[in-house]
Number of protein chains: 2
Amino acid sequence: MAKAPTMKEVAKAAGVSVMTVSRAFRADASISTATREKIQRAADELGYVFDATASGLRVKKSGFVAMTIPSISNSNFADTVGGLSERLAASGRQVLLGYTNYDIDEEERLIRQLLGRRPEAIVVTGGQHTEAARKLLQGSGIPVVETWDLPTDPIGSVIGFSNAKAMEAMVQHLVDAGHRRIAYLGGDGNADTRGADRRRGFADAMAHHGLAADLLIDAGLPPISMREGAHAMGALLDSGRTVDAVCCVSDLAAFGALTECQRRGLKVPDDISIVGFGAYELGDICVPTITTIDPAAREIGARAADLLIKCLDEGQSETSAAPITPKLLIRQSSDAAKGGQKK
Amino acid sequence: MAKAPTMKEVAKAAGVSVMTVSRAFRADASISTATREKIQRAADELGYVFDATASGLRVKKSGFVAMTIPSISNSNFADTVGGLSERLAASGRQVLLGYTNYDIDEEERLIRQLLGRRPEAIVVTGGQHTEAARKLLQGSGIPVVETWDLPTDPIGSVIGFSNAKAMEAMVQHLVDAGHRRIAYLGGDGNADTRGADRRRGFADAMAHHGLAADLLIDAGLPPISMREGAHAMGALLDSGRTVDAVCCVSDLAAFGALTECQRRGLKVPDDISIVGFGAYELGDICVPTITTIDPAAREIGARAADLLIKCLDEGQSETSAAPITPKLLIRQSSDAAKGGQKK
DNA sequence: AGTGGAAATGATAACGATAACTTTTTACGG
DNA sequence: CCGTAAAAAGTTATCGTTATCATTTCCACT
């Protein structure tokens, strides 16, 4: 195939200067309708496609907003990307996505790569970064938004919530329902910082209620899938330890745990309560439905977009928007009325 | 914040020419170690980040591969993107993603936008496009890969499979298991072309077996979620029509249908068989596990990457790789041994 | 008709990087 | 020490677009 035609060739075909062609493609410019139509025809004829790269270089506006997420396969993050993407599209901007695989070193590499595309802003997931990554973000000269977390030392704006606090609310709910022997089922280590925060919130809340947080089940390396949730639940049950309720790092893990109970003939919530995190559609459809926390994943993205549009188009300085307040959704899997057992 | 520093400033700081700085950042160039280190220091000092945009303009290699998918929230497509992304990363290329929302007009807009970023290749989902979109792709001068489908008139390469044929295999399985009154549960209309193909394959297969394909349940506009699957199943059951088995457009819809049966006290597969499509993790974990077809979503992406790397780096012309052959995974939800009923 | 001024169009240089070429420096055998 | 080839560094022009300024065209109104 021949290489893509440029404005120069369109200009020649239309019998005008390159500058006039350039103007024909912008809304504001002063150009006669006749000329614009003539140029449009020539462009269509040649199959001309505007080069956003060259334009971006000249006007120093790439039209990109970069975003890093741990994994594309997690529908929570996919929702955030969706919210961001949809709302930015209205202002003609495009999201440039990168995946960290829950690894902050990988995140650093990724941030460097993304900044090389000269995005107009960057949205990252989480508030924990390598020292070099922080420096890159701070020195980038563009708005930075950290999401899905509440960093103690934010780089720019924040649109997130405390995963620990959210989990504390969940423990409160379980305790209110009469549970005492509560397990936490989540990933190993601290690679998934949101997971680690939730575990910490769990432990703190248990301590606060004077309960032992000795049932911390490691389900493997993040992200924890349904299968790993099922395995970990199996291991917990095999251990023979007494358990009232299981707090899972996500609805996916919770669903895995739930199915393991079903396979073993345990009734949820009659024999044991199971709760998740993330408000995945799954948890609202399965039988029984799973109590969870809705972090407003899509809204996080939408809010980030709104904030950025304010910064970029209206020249406002970065302001932290109203905080995200996750909502506890009490459903069948922990419904006390159905018989949460006391120990 | 100050604007990002350029090579010029790094050059001044290091006391060399811009060209030398440029060379310092490329592996091949002839440059002394001392100079390279000096430049590296200066660059770190200033927080210099390489501008891939400007470089791309000059060398005519953007480092982008564009891809369009119907929705980011569908884990099948997310897997394909993951496979593509991971394998392209090794060759230093980045995936630029766009979402069509199952709308070919939106796809056309998107393709135009993506081509404006001067990607080195473009991967699209499906084989149905607007006339203008076809022209854009054909005239783009870059390798084009159509995936997840087997277009009759391909634009470039194809890495896909026949959704109709795959569904025929599924019907064969159900018929073998003794089912006669088989329903199809999927989306309205033809917006989701893969869904429409599956429905067509279903109808053809039913006709081939001399069975009536009169149970075509419309579950709403694509994409069909779990909830819509559940609703549609409810409507089917409420209609009082006799049904042996239900063929769903995806595992998500199938799971929704399955839960609806559970809520109504119907046993799967004893009272009714349910099968899905897509080999989502969900279907392998839920109780009972769901019979499905594995389209090798991740492999589609990986194969596309391999093909493109051959085209771009080794100058080979576009060759269609070995075809994708979806695998029927027979699981509990249609297990004849457990008692698929004959009518 | 002639004139003033706005609208339309054109010419030039620049955005940040690099290919291609030229010049300077280094290294080494004789 | 010199000559020479190779390595290292510098110069210039360019990728496709647009800001800026200069020029031409057009029209309304005296």
Side-chain angles (χ1 to χ4, degrees), chain A residues 2-40 42-43 46-64 92 113 115-120 140-141, chain B residues 2-40 42-43 46-64 92 113 115-120 140-141:
Chain A
K3 67 174 187 53
T6 71
M7 276 192 179
K8 200 151 129 190
E9 300 164 63
V10 175
K12 196 160 56 184
V16 296
S17 72
V18 209
M19 195 61 233
T20 304
V21 177
S22 174
R23 279 194 266 254
F25 285 100
R26 335 203 69 238
D28 59 319
S30 70
I31 186 171
S32 76
T33 316
T35 312
R36 174 172 270 143
E37 278 167 3
K38 185 172 58 180
I39 290 172
Q40 189 55 253
L46 291 171
Y48 171 74
V49 177
F50 183 85
D51 188 332
T53 292
S55 171
L57 176 61
R58 179 68 238 242
V59 303
K60 290 162 167 288
K61 280 198 175 197
S62 62
F64 278 134
Q113 184 181 37
L115 289 179
R117 300 293 182 175
R118 294 295 182 266
E120 298 176 33
S140 67
Chain B
K3 68 174 185 54
T6 71
M7 276 194 180
K8 201 151 130 190
E9 299 164 65
V10 175
K12 196 160 55 183
V16 296
S17 73
V18 206
M19 193 62 233
T20 305
V21 176
S22 174
R23 281 194 266 252
F25 285 101
R26 336 202 70 236
D28 59 319
S30 70
I31 186 172
S32 75
T33 317
T35 312
R36 173 172 272 142
E37 277 168 4
K38 184 172 58 180
I39 291 172
Q40 190 56 251
L46 290 170
Y48 171 74
V49 177
F50 183 86
D51 188 332
T53 291
S55 171
L57 177 61
R58 178 66 237 243
V59 304
K60 290 160 169 286
K61 280 200 173 191
S62 62
F64 278 135
Q113 184 181 36
L115 289 179
R117 300 293 183 175
R118 294 296 184 262
E120 298 176 32
S140 67

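Source: prediction; values computed, not measured. Within every chain, numbering begins at 1; the chains are lettered A, B, ... in the order of the sequence lines, protein sequences first and strands thereafter.
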Peer 1: Under the salt bridge (Lys or Arg N to Asp or Glu O under 4.0 Å) definition, can you give me all pairs with a residue in residues 47-58 of chain B, not counting sequence neighbours?
Peer 2: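 Non-adjacent pairs meeting salt bridge (Lys or Arg N to Asp or Glu O under 4.0 Å): Arg118(A)-Asp51(B).
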
Peer 1: Not counting sequence neighbours, which residues clear side chain to side chain donor-acceptor pair (under 3.5 Å) with Thr20(A)? List them please.
Peer 2: Ser17(A)

Peer 1: Under 4.0 Å between a side-chain N/O of Ser32(B) and OP1 or OP2 of dA8(D), yes or no?
Peer 2: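 Looking at the OP1 and OP2 atoms of dA8(D), neither is under 4.0 Å from any side-chain N or O of Ser32(B).
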
Peer 1: Which dot-bracket notation, 5' to 3', represents the base pairing of DNA chain C when pairs are defined as Watson-Crick or G-U with both distances under 3.5 Å, crossing pairs as [ ], and inter-strand pairs as |?
Peer 2: ||||||||||||||||||||||||||||||

Peer 1: Could you tell me the boundaries of the chain B footprint on DNA chain C, defined by atoms under 4.0 Å from its heavy atoms?
Peer 2: dG16(C) to dA20(C)

Peer 1: Closer than 4.0 Å, any side-chain N/O of Thr20(B) to the OP1 or OP2 of dA9(D)?
Peer 2: no

Peer 1: Sequence neighbours excluded, which residues qualify as side chain to side chain donor-acceptor pair (under 3.5 Å) partners of Ser22(B)?
Peer 2: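 Applying side chain to side chain donor-acceptor pair (under 3.5 Å) to Ser22(B) gives none.
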
Peer 1: One character per nucleotide, please: for nucleotides 12-22 of chain D, 5' to 3', B when the base has a protein heavy atom closer than 4.0 Å, S when only the sugar-phosphate does, - otherwise.
Peer 2: -BBBBBBBB--

Peer 1: Among residues at least two apart in sequence or on other chains, which ones pass side-chain contact (heavy atoms from CB on, under 4.5 Å) with Lys61(B)?
Peer 2: Val59(B), Glu120(B)

Peer 1: Expressed in angstrom and rounded to an integer, what is the separation of Lys38(B) atom NZ from dA8(D) atom P?
Peer 2: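 Going from NZ in Lys38(B) over to P in dA8(D) covers 13 Å.
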
Peer 1: What pairs with Thr35(A) under side chain to side chain donor-acceptor pair (under 3.5 Å), at least two apart in sequence or on another chain?
Peer 2: Ser32(A)

Peer 1: What's Thr53(B) touching, base or sugar-phosphate or nothing? Going by heavy atoms closer than 4.0 Å.
Peer 2: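 If one applies the 4.0 Å heavy-atom cut-off, Thr53(B) turns out to touch nothing in the nucleic acid.
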
Peer 1: Sequence neighbours excluded, which residues qualify as salt bridge (charged side-chain N to carboxylate O under 4.0 Å, His left out) partners of Glu37(B)?
Peer 2: none

Peer 1: According to side-chain contact (heavy atoms from CB on, under 4.5 Å), who are the partners of Gln113(B), at least two apart in sequence or on a separate chain?
Peer 2: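 For Gln113(B), the residues satisfying side-chain contact (heavy atoms from CB on, under 4.5 Å) (neighbours in sequence not counted) are Gln94(A), Leu110(B).
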
Peer 1: Does any pair with a residue in residues 9-22 of chain B pass salt bridge (Lys or Arg N to Asp or Glu O under 4.0 Å), and if so which ones, sequence neighbours excluded?
Peer 2: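 Listed by first then second residue: Lys3(B)-Glu9(B).
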
Peer 1: Can you list the residues that meet the ring pair (Phe, Tyr, Trp, His ring centres under 6.0 Å) rule with Phe25(B), with sequence neighbours excluded?
Peer 2: Tyr48(B)

Peer 1: Indicate the atoms forming the closest heavy-atom contact of Leu57(B) with Ala54(A), along with that distance.
Peer 2: CD1-CB, 3.9 Å

